[in-house]
Trainee: 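To start, I am sharing the structure in question, which I have written as structure tokens.
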Amino acid sequence: AALLLPVAALAQGPAPTPRPGTDFVPISPAQTPFGPPGRIEVAEVFSYHCIHCADFQPLMSAWKARQPADVRVTYVHAAWGGAVDNLARGFYAAEALNAVDRTHAGMFRAFHVERRIRSGSPEEIADAYAALGLDRARMVATMNSFGVTSRVNRAKQFAQRTGVNATPMIVVNGRYRVSATPDRGFEGMLQTVDWLVARERANRARPATPPAAPARPATPPAAPARPA
């Protein structure tokens, strides 16, 4: 899959209004979010092999930490095929072991700084997670599990349904696709997400319009009087 071009950081100042078709694209029809219902989902589709995702990760991590309880940030590892699917298997195995929070930044570092992952083989990926403190044998078993295979397939389907074809890209509540632009950068990308989250929150707070009362049937005309 194509990667986004490097983007410039946004200068400090009031957040500009997001531009439909440029800063975000409405998804029509809206799709089911990747995670469970109940909260406003912000799903980042990423890959550990993507250098732009590595650059974006510290900003995304800081943004995630600021979110209120009604927002759920979900990481969705892309599954474009080949070695990227192996990375996805590693990510979803770590997720199944509740280890994403302590390995996420480390896996970017293992790929782009330490160069532990060169071929993207399952063995290399298991070694990288072992270096981050996870049990290697358990990682291998989990990577090959039915549950992880299901998550990888679901990630593929989610990207197809929402039109994600590059990384990093964010899908807000299954309704909007957000990517960075050369003029507004990653900071602008997150400002657009803030704007869309606020829109979704406002839509949830708006009371539903009650159904109109059914029309009363017309009163039938009185029967003519019978002659005496």
Side-chain angles (χ1 to χ4, degrees), residues 1-10 15 18-27 31 33-35 40-67 71-92 94-95 100-101 103-113 117 120 125 151-152 154-197 200:
L3 298 179
L4 297 177
L5 295 174
V7 290
L10 187 72
R19 301 160 294 185
T22 300
D23 299 306
F24 71 94
V25 176
I27 298 170
Q31 298 295 311
F34 189 77
I40 300 168
E41 180 179 87
V42 174
E44 183 203 352
V45 183
F46 78 100
S47 176
Y48 284 130
H49 87 289
C50 165
I51 184 60
H52 307 303
C53 300
D55 292 339
F56 183 52
Q57 188 272 326
L59 287 172
M60 185 64 186
S61 180
W63 186 88
K64 177 184 177 183
R66 298 195 300 268
Q67 298 314 299
V71 175
R72 179 183 64 250
V73 176
T74 302
Y75 294 124
V76 180
H77 197 294
W80 309 128
V84 178
D85 281 15
N86 293 333
L87 289 166
R89 282 187 174 276
F91 171 78
Y92 293 114
E95 182 183 70
V100 169
D101 286 346
T103 60
H104 193 50
M107 284 300 291
F108 280 118
R109 189 167 58 249
F111 198 103
H112 298 284
V113 179
I117 303 171
I125 293 165
R151 293 289 279 178
V152 171
R154 191 173 175 199
K156 290 180 181 180
Q157 294 164 6
F158 181 76
Q160 291 168 357
R161 289 189 292 106
T162 56
V164 172
N165 59 5
T167 52
M169 198 169 284
I170 290 175
V171 176
V172 177
N173 229 28
R175 295 177 178 274
Y176 308 99
R177 192 170 60 246
V178 185
S179 54
T181 61
D183 60 331
R184 296 187 179 179
F186 288 141
E187 291 284 356
M189 183 179 181
L190 290 174
Q191 288 169 354
T192 297
V193 172
D194 282 331
W195 189 83
L196 292 170
V197 166
E200 286 295 288

Trainee: State the SG-CE distance between C53 and M107, to the nearest 0.5 angstrom.
Mentor: 13.0 Å
Trainee: Taking atom CZ of R175 as the centre, report whether more than 12 heavy atoms of other residues, nucleotides or ligands fall under 6.0 Å from it.
Mentor: no
Trainee: Just how far is it from atom CG of L190 to atom CZ of R184, taken to the nearest 0.5 Å?
Mentor: 13.5 Å
Trainee: So D23 and W195, do their side chains get closer than 4.5 Å, heavy atoms only?
Mentor: no
Trainee: Starting at CD of E95, measure out to CG of D101 and round the result to the nearest 0.5 Å.
Mentor: 10.5 Å
Trainee: What orientation do F91 and F46 show, parallel under 30°, tilted 30 to 60°, or perpendicular over 60°?
Mentor: perpendicular
Trainee: Quick one, E200 with Y176, criterion side chain to side chain contact (heavy atoms under 4.5 Å, CB included). Give me CA distance, side-chain angles, the key distance, then yes/no.
Mentor: CA-CA 10 Å; E200 286 295 288; Y176 308 99; 3.6 Å; yes
Trainee: Which atoms form the tightest heavy-atom contact between S47 and H49, and what is the distance?
Mentor: OG-ND1, 2.6 Å
Trainee: I'd like to know if D183 and R19 make a salt bridge, using a cut-off of under 4.0 Å between side-chain N and carboxylate O.
Mentor: yes
Trainee: For A79 versus V84, what's the shortest heavy-atom pair and its separation?
Mentor: CA-CG1, 4.4 Å
Trainee: Rounded at 0.5 Å granularity, tell me how far CD in Q157 sits from CZ in F34.
Mentor: 9.5 Å
Trainee: Which value, rounded to the nearest 0.5 Å, describes the distance between Q57 atom CD and K64 atom NZ?
Mentor: 10.0 Å
Trainee: Could you check whether any side-chain N or O of E44 sits under 3.5 Å from a backbone N or O of P168, counting only pairs where one atom can act as donor and the other as acceptor?
Mentor: no
Trainee: Quick check for you: to the nearest 0.5 Å, what is the distance between C50 atom SG and F111 atom CZ?
Mentor: 10.0 Å
Trainee: May I have the step-by-step check of side chain to side chain contact (heavy atoms under 4.5 Å, CB included) for R161 and I27, ending in yes or no?
Mentor: CA-CA 9 Å; R161 289 189 292 106; I27 298 170; over 6 Å; no
Trainee: Is the shortest side-chain heavy-atom distance between L59 and E187 below 4.5 Å?
Mentor: yes
Trainee: Distance-only, no hydrogens or angles: does the R177 side chain make a donor-acceptor pair with backbone N or O of T162 under 3.5 Å?
Mentor: yes
Trainee: If you apply the rule side chain to side chain contact (heavy atoms under 4.5 Å, CB included), what do you find for I125 with R89, and how did you get there?
Mentor: CA-CA 9 Å; I125 293 165; R89 282 187 174 276; over 6 Å; no
Trainee: What pair of heavy atoms forms the shortest contact from V197 to I40, and how long is it?
Mentor: O-CD1, 3.9 Å
Trainee: Taking the six-membered ring for Trp, are F186 and F56 parallel (under 30°), tilted (30 to 60°) or perpendicular (over 60°)?
Mentor: tilted
Trainee: Apply side chain to side chain contact (heavy atoms under 4.5 Å, CB included) to M60 and I170, showing your working.
Mentor: CA-CA 10 Å; M60 185 64 186; I170 290 175; 4.2 Å; yes
Trainee: Does H77 use its side chain to pair, donor to acceptor, with the backbone of Y48 at less than 3.5 Å?
Mentor: yes
Trainee: Counting C-beta onward and ignoring hydrogens, is there a side-chain heavy-atom pair between Q191 and W63 closer than 4.5 Å?
Mentor: no
